[in-house]
Amino acid sequence: MDVISTIKKGVAKAMEMQYQTQIDSDTVMVNNTKKEFDGDYTVVVFPFTKAAKKGPEQIGQELGQFLKDNVAEVSDFNVIKGFLNLELAESYWLQFLEQLNDLKDYGRGTSNGKKVMVEFSSPNTNKPLHLGHIRNILLGWSCYKILDAAGYEVLTTQIVNDRGLHICKSMVAYQSYGEGETPESSGIKGDHLVGKYYIKFSSIEKEQIAALKAEGKDKEEAAILKEAREMLLKWEANDPEVKALWKLMNGWVLGGFETTYKKLGVSFDKNYFESETYLLGKEFVMKGLDKGVFYKKEDNSVAVDLEDVKLDHKTLLRGDGTSLYVTQDMGTANQRFEDYGVDKMVYVVGDEQIYHFKVLFEILKRLEQPYANDLYHLAYGMVDLPSGKMKSREGTVVDADELIAEVINEAKKNAEEKGGLEDFDQDQKNEVYRKIGLAALKYFILKVNPQKRMLFDPKESVDLQGDTGPYIQNAFVRISSVVKKAGTFNASSAKEYKTMEPSEKELAFLLSEYPGIIQTAAQNYDPSAVASYCFELAKTFHRFYHDVQIMRADSEAAKAFRILLAGNVAKVLGSGMDLLGIQMPERM
RNA sequence: GGCUGCGUAGCUCAACUGGAUAGAGUACCUGACUACGAAUCAGGCGGUUACAGGUUCGACUCCUGUCGCGGUCACCA
C-alpha cells in the first residue's frame with residue numbers, strides 16, 4: 001500500500017476514534033506539501049469542521065498528533081491555517097530508495113487484462129505528412145506507451161484513407177503529366193512525388209476555374225475535375241487500368257510514409273485500408289433497422305434520430321444504398337473487435353471531428369456493442385504557426401520530413417559548436433544528433449496538453465535550454481558520466497547514510513510519485529503530464545548536482561548513497577522519456 | 001444564428017481536477033567554471049487569471065451574463 005492511502009486510512013481512523021465520525025478514506029484530500037512549508041504531504045482539514053464541531057486549527061492539531069502516534073511513517077506535523085502538514089520519517093525515504101535499487105520496471109502497473117487499440121496518424125494517400133500529422137502521431141504513440149505502462153495490452157493501428165475523389169486527383173494529374181516518372185527515376189520520395197501531382201492538379205483546376213468564371217460558368221464544370229470524377233467511377237467499377245495506377249501510386253505513398261514513421265520511431269501493429277473497409281458497416285444499418293434504432297425515409301435512405309441527446313438526425317445510408325463516413329467507422333470499429341477482441345478503443349483525431357465521434361459512439365452504444373462503453377476520442381487542437389494557420393492550398397504547411405531534417409541539423413550545429421564528441425566516429429555522432437533533435441521536437445509538442453490548440457514556433461522547437469527535451473537528456477548524460485567516473489564503489493555502505501540533504505529528499509519524493517504519474521497520464525490520455533514530470537525531476541537533479549558533492553562526498557556512505565540515487569533518477573528519466581517516444585543518448 | 005471549446009506574466013505553457021502567497025521556461029538585467037559535464041546553477045524584473053455578478057470556510061477551476069477568438073452544424077471524408 002502506498003503512503004498516501006496509508007495517510008488517508010489513518011485520518012479516517014482518527015476521525016472515528018476522536019470524533020465518532022465515519023468517513024470514507026477515499027474522500028480525504030491529501031496533497032503534496034507546497035515548497036514554502038515544512039512537510040511532505042498535506043491533509044486539508046476544512047471538510048471535517050462540521051462533523052467534528054471544532055475549528056480547523058484544533059482539528060489539525062488533534063489529527064496530526066494521532067497520526068504521529070499511530071502511523072509509523074509519520075514523524076512530525078505542523079498546522080497552518082487549516083492545513084495539516086505531515087512529515088515522513090527519514091527512514092521511510094531511505095527504505096524507499098533502497099528497494100528502488102533493485103526494481104527494473106519501476107512505475108509500470110500490473111497487467112489489468114484489458115486490451116485496447118489506439119488509432120492514430122490515419123493519413124490520406126495523396127500527399128506527404130505534415131506538422132499536424134506529427135502532433136497526431138506523437139500523441140498516439142505516447143498514448144500507446146503510457147497505456148502499455150499502465151497495465152493494458154495495447155495495439156496500434158492506422159486507417160489509411162486510400163480511396164475517394166482526392167486520391168483520384170493526383171492520379172489524373174500524373175496520368176496526363178507524369179511521363180512515367182517514378183520515385184527511382186526522379187529521386188523523389190514516393191509520398192512527395194504523389195504530392196507533387198496533387199498540387200499539379202490543384203493549379204490546373206484553378207486555371208480552369210478562372211477561365212470558367214470569366215465565361216460565367218460554374219466551377220464544377222472544370223474539365224480536370226470531371227476527369228477525376230470519371231476516374232472514381234471507373235475505380236469503383238474495378239477498371240483494371242485505373243486500379244493498376246492506383247496500386248502503383250498508393251505503393252509509392254505508403255513507402256514514403258513508412259520511411260517517415262521509421263524516422264519518428266513509430267510503428268503499427270495493424271493497418272486498415274479504407275479501400276478494403278468502406279463497405280463494412282452496412283450490415284449494422286440492417287441490424288439497427290431491425291432493432292428499431294434507425295429509421296427508413298421515403299427515399300429509401302436510412303437515418304438515426306439523436307435529437308434526445310442534442311446530436312440531431314444523422315443519415316447512415318444514402319438513398320442509393322451507398323454508405324457514408326459514419327457508416328464506415330461503425331464497420332471498422334466492429335472489424336477491430338472481431339479481429340482482436342479489444343475491450344477499448346482510442347481514436348487520436350483532431351478536435352474538428354468531435355461531433356462525428358459523439359455520433360459514432362452514441363450509435364454503437366444504441367446498438368449495444370460490447371466495446372461501446374469504452375471508446376475514447378482523443379481530440380487534440382490544431383497546430384498554429386507564428387504566421388497563422390497551416391493551409392495546404394496556400395503552401396503554408398510544414399512538411400514532416402523537412403521538419404525532422406531541420407531539427408536534427410540544428411542539434412548537429414549546436415553540438416559541433418559545443419564540442420566534446422571528438423572521440424566518436426561519424427555514425428556515432430549522427431546518432432547523437434538524431435536523438436537530440438528528435439527529443440527537442442517531440443518534447444516541444446508533447447509538453448502541451450493535447451486538448452489545447454498550440455503554437456508551433458520553429459525557432460523555439462529547436463531550443464536546447466530550459467524546458468526542453470535536450471535539457472532532460474542532459475541530466476541523464478550527466479548521471480551516466482558521473483556513474484562511469486565513479487567506477488566501483490561499495491554500494492552496501494549506502495545503508496549507513498542517515499541524514500538526507502533537502503535536495504536528496506526532494507528527489508526521493510519525486511521518484512516516489514512516478515507510478516502515480518503514469519496512472520493519471522493513462523486515465524487522462526495525457527502525455528504532457530509525463531513531460532512536465534520529467535522536467536521537474538531533471539531540474540531537481542541539476543540543482544542537487546550543483547548543491548552536493550558526489551564523488552568527493554564527506555563519507556563513503558554519502559558517496560554510495562548519491563551514486564545510487566543518481567542512478568535511480570537516470571532510470572526513471574529514461575523510462576519517462578521513453579513513454580514520450582524519446583531516446584536518451586549516453587553522451588551529448 | 002444553434003451547439004461546442006478556449007481566454008492565466010511581453011511570448012510559450014503549468015497549476016495534482018474546489019485548497020495555502022497563481023508557478024515554470026523564454027526574453028531582458030545581474031552573479032557562479034584551474035575540483036564530479038556551464039546544453040548547468042543562483043538572484044532580479046514581470047499578474048485585477050478577458051470582464052461583471054453568484055455559489056462557500058476557500059474559485060484560474062463550478063453557475064449566470066457580457067466581450068473576444070476557434071471549431072462544428074452534408075445523403076464529403
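The basis for the numbers below is simple: all heavy atoms, side chains too, and nothing from hydrogens, waters or symmetry mates. Chain identifiers are assigned alphabetically (A, B, ...) following the order of the sequence lines, protein sequences preceding nucleic acid strands; residue numbering begins at 1 within each chain. Keep in mind it's a predicted model, so treat the numbers as computed, not measured.
Rounded to whole Å, the distance from OH on A:Tyr471 to P on B:C13 is 20 Å. In this structure, the CD1 atom of A:Ile445 is 14 Å from the C1' atom of B:U12, given to the nearest Å.
When the side-chain nitrogen and oxygen atoms of A:Tyr380 are compared with OP1 and OP2 of B:C6, none of them lie within a distance under 4.0 Å. Between A:Arg543 and B:A42 there is a side-chain N or O to OP1 or OP2 distance below 4.0 Å. Contact annotation: A:Arg453 side-chain N/O to B:C69 OP1/OP2 distance is not under 4.0 Å. Between A:Arg478 and B:A38 there is a side-chain polar atom (N or O) within less than 4.0 angstrom of OP1 or OP2.
Heavy atoms of A:Tyr545 sit under 4.0 angstrom from at least one base atom. Residue A:Ala303 is classed as having no contact, given no heavy-atom separation below 4.0 Å to the nucleic acid. When heavy atoms are screened at a 4.0 angstrom cut-off, A:Gly164 is found touching no nucleic acid atom at all. Nucleic acid contact class of A:Glu536 (heavy atoms, under 4.0 Å, all strands): none. At the heavy-atom level, A:Ile550 lies under 4.0 Å from base atoms of the strands shown. If you check every strand for non-hydrogen atoms under 4.0 Å, A:Met454 touches sugar and phosphate atoms only. Using a 4.0 Å heavy-atom criterion, one finds that A:Val45 contacts no nucleic acid atom at all. The residue A:Val302 sits apart from the nucleic acid: no heavy atom pair falls under 4.0 Å. Within the 4.0 angstrom heavy-atom criterion, no nucleotide atom of any strand lies near A:Leu316. Counting non-hydrogen atoms under 4.0 angstrom, A:Leu464 reaches a base of the nucleic acid.
A donor-acceptor contact closer than 3.5 angstrom is absent between the side chains of A:Asn449 and A:Ser528. Side-chain contact annotation: A:Asn161 with A:Asn124, donor-acceptor N/O pair under 3.5 Å present.
Residues passing the salt bridge (charged side-chain N to carboxylate O under 4.0 Å, His left out) test with A:Asp384, sequence neighbours excluded: A:Arg453. Applying the side-chain hydrogen bond (donor to acceptor under 3.5 Å, both in side chains) rule to A:Lys435 yields no partners; only residues at least two apart in sequence or on another chain are considered.
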Nucleotide by nucleotide, nucleotides 14-20 of chain B touches protein heavy atoms under 4.0 Å in the pattern (B base, S sugar-phosphate only, - none) S--B-BB
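The residue among A:Pro470 and A:Leu317 whose nearest nucleotide of RNA chain B is located toward the 5' end is A:Pro470.
Side-chain atoms of A:Asp320 come within 3.5 Å of backbone atoms of A:Thr322 as a donor-acceptor pair (strictly under, hydrogens ignored). Formation of a donor-acceptor pair under 3.5 Å by the A:Lys282 side chain with backbone atoms of A:Gly321 is found in this model.
The stretch residues 474-491 of chain A participates, sequence neighbours left out, in these side-chain hydrogen bond (donor to acceptor under 3.5 Å, both in side chains) pairs: A:Arg478-A:His542, A:Asn490-A:Ser492. Each side-chain hydrogen bond (donor to acceptor under 3.5 Å, both in side chains) pair with one or both residues in residues 511-520 of chain A, not counting sequence neighbours, appears once here: A:Asn32-A:Glu513, A:Tyr514-A:Ser575.
Considering A:Phe541, A:Tyr443, A:Tyr471 in turn, A:Tyr471 is the only one that fulfils the ring pair (Phe, Tyr, Trp, His ring centres under 6.0 Å) rule with A:Phe535.
Scanning RNA chain B for stems, defined as runs of 3 or more consecutive Watson-Crick or G-U wobble pairs whose donor-acceptor distances all fall under 3.5 Å, gives the following ranges: B:1-7 with B:67-73, B:10-13 with B:23-26, B:28-32 with B:40-44, B:50-54 with B:62-66.
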Walk me through it: do A:Lys8 and A:Asp2 pass the test salt bridge (charged side-chain N to carboxylate O under 4.0 Å, His left out)? CA-CA 10 Å; A:Lys8 287 182 176 180; A:Asp2 62 306; over 6 Å; no
